[in-house]
Amino acid sequence: KSTKSVNKGHFLKQYSLAAVITLALLIFTSIAYLIYFQGQSDQLFDKYYRPYPVISSTRGIDHAPSELIEAYHEKSYDKVISLYETLGLKNAEIQMVYANSLLLSEEPDKAKPIFQELTRNTNKDLSQYAEWYLALTLLKAGENKAAKIQLVKLIDGHMIHQPEAKELLN
């Protein structure tokens, strides 16, 4: 064999080994990054999440079964989900309770479209709570870019959770 073909083969082996090592490092770094930032997202969620304030079945929630409200207060979120889905209730306040229960049952992907819908509700207080919970849902789901955009929207809109949104972005 000529010296050129031996050197070329040796170069290709070294190049392939370097490419494999680089790819392995890239994959490892990406996984570590995701784990780190998901852990941070979970910590931030835990720090800023407060349950939707439902005082009683008479506080603006028409036709809400007291059993559903009691289950929510008792943090029996699976029971809230079951009752909601069984009864087929569509009241916006009850949807808020349901979406929060989904979120706290580690189902942010199911809660997200409900919060998105509730942001368009005509009840200003309810829609502002929905905006806040949507930001927290995105954070919980690891959608950090979308969460930041939602938090900026809260700040720019001078909504009731503006101070928390500012603090969370810092």
Side-chain angles (χ1 to χ4, degrees), residues 30 32-170:
S30 297
Y33 176 84
L34 288 173
I35 290 170
Y36 174 75
F37 281 105
Q38 183 58 46
Q40 271 195 325
S41 293
D42 289 343
Q43 288 174 349
L44 289 171
F45 176 86
D46 291 342
K47 181 178 178 182
Y48 287 94
Y49 180 84
R50 298 293 173 269
Y52 181 66
V54 177
I55 298 169
S56 72
S57 61
T58 60
R59 183 186 171 254
I61 302 185
D62 298 325
H63 313 301
S66 59
E67 185 180 8
L68 185 140
I69 302 303
E70 287 171 19
Y72 183 72
H73 285 298
E74 293 169 0
K75 300 180 182 179
S76 300
Y77 302 117
D78 290 338
K79 186 175 181 179
V80 172
I81 293 166
S82 176
L83 284 167
Y84 177 87
E85 291 172 352
T86 301
L87 298 171
L89 304 167
K90 296 298 178 195
N91 175 291
E93 290 263 355
I94 297 171
Q95 285 181 302
M96 181 70 81
V97 169
Y98 173 63
N100 270 273
S101 297
L102 287 168
L103 183 57
L104 294 168
S105 296
E106 302 299 323
E107 297 189 58
D109 293 337
K110 289 183 180 179
K112 181 178 159 183
I114 298 167
F115 287 129
Q116 287 171 326
E117 179 184 332
L118 291 171
T119 63
R120 297 183 292 275
N121 192 282
T122 56
N123 177 326
K124 186 179 175 183
D125 288 341
L126 185 113
S127 67
Q128 288 188 21
Y129 269 101
E131 295 279 0
W132 173 244
Y133 288 121
L134 177 58
L136 293 176
T137 299
L138 294 167
L139 189 65
K140 182 79 169 172
E143 297 178 41
N144 294 339
K145 277 187 177 180
K148 286 180 182 179
I149 291 168
Q150 183 64 26
L151 290 167
V152 168
K153 182 179 177 182
L154 283 162
I155 293 166
D156 291 346
H158 304 286
M159 297 189 188
I160 55 178
H161 288 95
Q162 183 186 37
E164 294 94 331
K166 282 181 180 178
E167 187 178 321
L168 190 50
L169 279 177
N170 290 331

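Basis for what follows: all heavy atoms, side chains included, without hydrogens, waters or symmetry-related copies.
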| Y84 (side chain) donor-acceptor with L89 (main chain) under 3.5 angstrom | yes
| query | What orientation do H161 and W132 show, parallel under 30°, tilted 30 to 60°, or perpendicular over 60°? | reply | parallel
| query | Could you walk me through whether E164 and R50 pass the side-chain contact (heavy atoms from CB on, under 4.5 Å) check? | reply | CA-CA 11 Å; E164 294 94 331; R50 298 293 173 269; over 6 Å; no
| note | One should read off an interatomic distance between S76 OG and L104 CG, to the nearest 0.5 angstrom, of 12.0 Å
| field | Minimal non-hydrogen separation, A147 against A135, with atom names | value | CB-O, 3.8 Å
| Would you say Q162's side chain and G157's backbone share a donor-acceptor pair under 3.5 angstrom? | no
| message | Does Y129 form a side-chain contact (heavy atoms from CB on, under 4.5 Å) with I160? I'd like the steps, not just the answer. | response | CA-CA 8 Å; Y129 269 101; I160 55 178; 3.6 Å; yes
| field | Point-to-point distance, once rounded to the nearest 0.5 Å, from CG of L87 to CD1 of I94 | value | 8.5 Å
| query | Is there a donor-acceptor contact under 3.5 Å from the side chain of S101 to the main chain of V97? | reply | yes
| remark: d(K112 NZ, T137 OG1) to nearest 0.5 Å is 9.5 Å
| request: Output, in order, the C-alpha distance, side-chain angles, deciding distance and verdict of side-chain contact (heavy atoms from CB on, under 4.5 Å) for F115 and E131. | output: CA-CA 7 Å; F115 287 129; E131 295 279 0; over 6 Å; no
| task | Mark yes or no for whether N170, through its side chain, and K166, through its backbone, hold a donor-acceptor pair below 3.5 Å. | result | yes
| If you measure from CD on Q150 to CG on L136, what distance do you get to the nearest 0.5 Å? | 9.5 Å
| query | For V152 and L169, which heavy atoms make the closest approach, and how far apart are they? | reply | CG2-CD1, 3.9 Å
| query | Taking atom CG of L134 and atom CG of L151, what is their separation to the nearest 0.5 Å? | reply | 9.5 Å
| request: For this output row, return yes or no: ring centroids of Y49 and Y133 closer than 6.0 angstrom. | output: yes
| request: Enter the distance from E106:CD to K140:NZ here, rounded to the nearest 0.5 Å. | output: 3.5 Å
| message | Do the side chains of K79 and E74 get close enough for a salt bridge, i.e. N-O under 4.0 angstrom? | response | no
| Quick one: does Y72's side chain have a donor or acceptor within less than 3.5 Å of a partner on Y52's backbone? | yes
